[in-house]
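Report on the following structure.
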Amino acid sequence: MPKDGIPRGPAPAGACSIRSTGASPNAEWSIAAPTGLSSARPALIVHGGAGPVPDSERPLRQAAVERARDAGWSEIGSGALAAAVAAVRHMEDEPLLNAGIGACLNADGVVELDSGVMEGAALRAGGVAGLKDVRHPIDLAAAVMRDGRHVLLAGDGASRFAREHGIEMCDPSIFITDRKRQELMEGADTVGAVARDSDGRLAVAVSTGGITGKLPGRIGDSPIPGAGFYADDRFGAVCGTGHGEAFIRLGLARVMVVELQHGMAAGAVATGAIGWLAKSLKASGGVVVIGREGAPEAAFNTPAMPFAIAQ
């Protein structure tokens, strides 16, 4: 365990890693001088959400994240965006994770899904929120980004856009596989992936069912660039998971990239962000980061955050 008490990555090259002991962070956020980072090479980090995970589910969720890592890494040759989207798309099909099938239920017992994607070359981003009938929300977020007219679409308008652009639709019931479990779901917040390809391009993708028992229509940080995710090829890309309202109030993802811009190392950015999250708003969560160069990093202050790395 690091001296600051915050579990973090990276994992060994080409391997996966999980930390399952939470701690109270005390890392201070300060500007650090750039460190000697290795030359850029392809990298991918995937996480399955941060929170209190039942012991019986920890290895199963870790295995799901590793499968997503493998799905994303198989697409890294097609670029960072393709890899990040492929990893998240896979997690939307993993019933133990809070994205797509098996996602948590709102106060009305309905699944409402949010998703976001961003690529760092031209700062293009797309987000979708409050989806009930789109099979893979990450596909729709990517379509919104490619369309370019807007950054965020929600509810019926987002579903209409999906139908008009040939995105796969579905009956909302497909997302409910175990209603009792989904009503009580904890520790399976936003899933996400951050990737860097061989050209140094960066991308991030996220997807979530939000939080259990949320008010209908609630939108968290996951579809909002600068809150739950951000990517800039010049500096790095980040993705968060945890108490979405806190990420929004702090604009945490954008601030993390600004710290990368100031020369702070990716590992220090990750631990500093979690320290700030806890110190300023007493909130919990986790983050994953890939800088312009160097290895992926992760940090969290929850009992667990399954994550896996390939590079």
Side-chain angles (χ1 to χ4, degrees), residues 7 18-24 46-68 88-115 129-138 170-192 206-223 228 239-248 274 277-278 281-287 300-308:
I18 184 170
R19 303 291 187 270
S20 57
T21 302
S24 298
V46 176
H47 75 81
V53 178
D55 289 343
S56 62
E57 289 190 3
R58 287 188 180 184
L60 299 176
R61 292 190 188 186
Q62 177 62 23
V65 170
E66 291 173 10
R67 288 191 290 270
V88 168
R89 196 176 197 274
H90 178 90
M91 287 189 283
E92 291 177 341
D93 288 339
E94 292 280 0
L96 287 181
L97 304 180
N98 185 18
I101 291 177
C104 68
L105 307 181
N106 67 14
D108 288 344
V110 174
V111 171
E112 290 184 304
L113 304 170
D114 302 340
S115 185
L131 304 179
K132 298 177 181 178
D133 56 359
V134 176
R135 178 65 181 82
H136 283 284
I138 193 62
C170 66
D171 188 298
S173 64
I174 195 173
F175 298 119
I176 301 178
T177 59
D178 185 343
R179 179 172 289 275
K180 183 176 181 179
R181 178 185 178 278
Q182 288 169 250
E183 287 174 347
L184 301 174
M185 183 180 287
E186 287 187 279
D189 196 70
T190 309
V191 306
V206 300
S207 190
T208 187
I211 55 177
T212 300
K214 64 185 180 181
L215 295 178
R218 178 262 188 185
I219 298 173
D221 64 306
S222 298
C239 175
T241 173
H243 188 255
E245 282 71 13
F247 278 77
I248 294 171
I274 294 305
L277 186 71
L281 296 176
K282 296 181 173 57
S284 61
V287 295
F300 53 97
N301 63 0
T302 55
M305 185 182 78
F307 68 95

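The analysis underlying the following values was restricted to heavy atoms, covering all of them including side chains, and did not include hydrogens, waters or symmetry mates. All of these numbers come straight from a predicted model, not from anything done at the bench.
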Inset, instruction - Could you tell me the separation between the CZ atom of R67 and the CD atom of Q62, rounded to the nearest 0.5 Å? - result: 10.5 Å
Inset, instruction - Using a strict cut-off of less than 4.0 Å between a Lys/Arg side-chain nitrogen and an Asp/Glu carboxylate oxygen, indicate whether E245 and K214 qualify as a salt bridge. - result: no
Legend entry - Option from M91, H47, H90 for which side-chain contact (heavy atoms from CB on, under 4.5 Å) with L97 holds: M91
Inset, instruction - Ignoring hydrogens and angles, tell me if any N or O in the side chain of N106 forms a donor-acceptor pair with the backbone of D108 under 3.5 Å. - result: yes
Inset, instruction - Could you check if a side-chain atom of E94 sits within less than 4.5 angstrom of a side-chain atom of I101, using non-hydrogen atoms only? - result: no
Inset, instruction - Please list, chain by chain and in numerical order, all residues satisfying side chain to side chain contact (heavy atoms under 4.5 Å, CB included) with I248, sequence neighbours excluded. - result: D221, I224, A227
Inset, instruction - Grab the two heavy atoms, one from V46 and one from A68, that are nearest each other, plus how far apart they are. - result: CG1-CB, 4.0 Å
Inset, instruction - Verify, without hydrogens or angle tests, whether D171 (side chain) and D133 (backbone) share a donor-acceptor contact under 3.5 angstrom. - result: no
Legend entry - Pairwise side-chain contact, L105 with R179, heavy-atom cut-off 4.5 Å (strictly under): yes
Legend entry - Least distance between heavy atoms, G102 atom then M185 atom: O-CE, 2.9 Å
Inset, instruction - Compare every heavy atom of G49 with every heavy atom of P306, then report the nearest pair and how far apart it is. - result: CD-O, 3.3 Å
Legend entry - Closest heavy-atom pair and its distance - A50, G285: CB-C, 4.1 Å
Inset, instruction - Report the distance from atom NZ of K132 to atom CZ of F175, rounding to the nearest 0.5 Å. - result: 12.0 Å
Legend entry - Any donor-acceptor N or O pair under 3.5 Å, side chains S284, T302: no
Inset, instruction - Measure across S207 and E92 and return the closest heavy-atom pair with its distance rounded to 0.1 Å. - result: OG-OE2, 2.7 Å
Legend entry - Side chain to side chain, V111 and I176, heavy atoms closer than 4.5 Å: yes
Legend entry - Interatomic distance, T208 atom OG1 to L113 atom CG [nearest 0.5 angstrom]: 8.0 Å
Legend entry - Student check: side-chain heavy atoms of R58 and P303 closer than 4.5 Å: yes
Inset, instruction - Determine the minimum heavy-atom distance between T177 and I174, stating which atoms define it. - result: CG2-O, 4.1 Å
Legend entry - Presence of salt bridge, D93 and R135, under 4.0 angstrom: yes
Inset, instruction - Kindly indicate whether the side chain of R181, heavy atoms from C-beta on, has any atom under 4.5 Å from the side chain of E57. - result: yes
Inset, instruction - Answer whether the closest heavy-atom distance between the side chains of C104 and E112 falls below 4.5 Å. - result: no
Inset, instruction - Measure the spacing between CZ of R61 and CG of L96 and express it to the nearest 0.5 Å. - result: 6.5 Å
Inset, instruction - Apply side chain to side chain donor-acceptor pair (under 3.5 Å) to S56 and list each qualifying residue two or more places apart in sequence or on a separate chain. - result: none
Legend entry - Min side-chain heavy-atom separation N98-Q182 under 4.5 Å: no
Legend entry - Test applied, side-chain contact (heavy atoms from CB on, under 4.5 Å); reference residue, M305; option that passes from T241, V65, V53, V287: T241
Inset, instruction - Determine whether S222 and F247 make a side-chain contact, defined as any pair of heavy atoms from C-beta on separated by less than 4.5 Å. - result: no
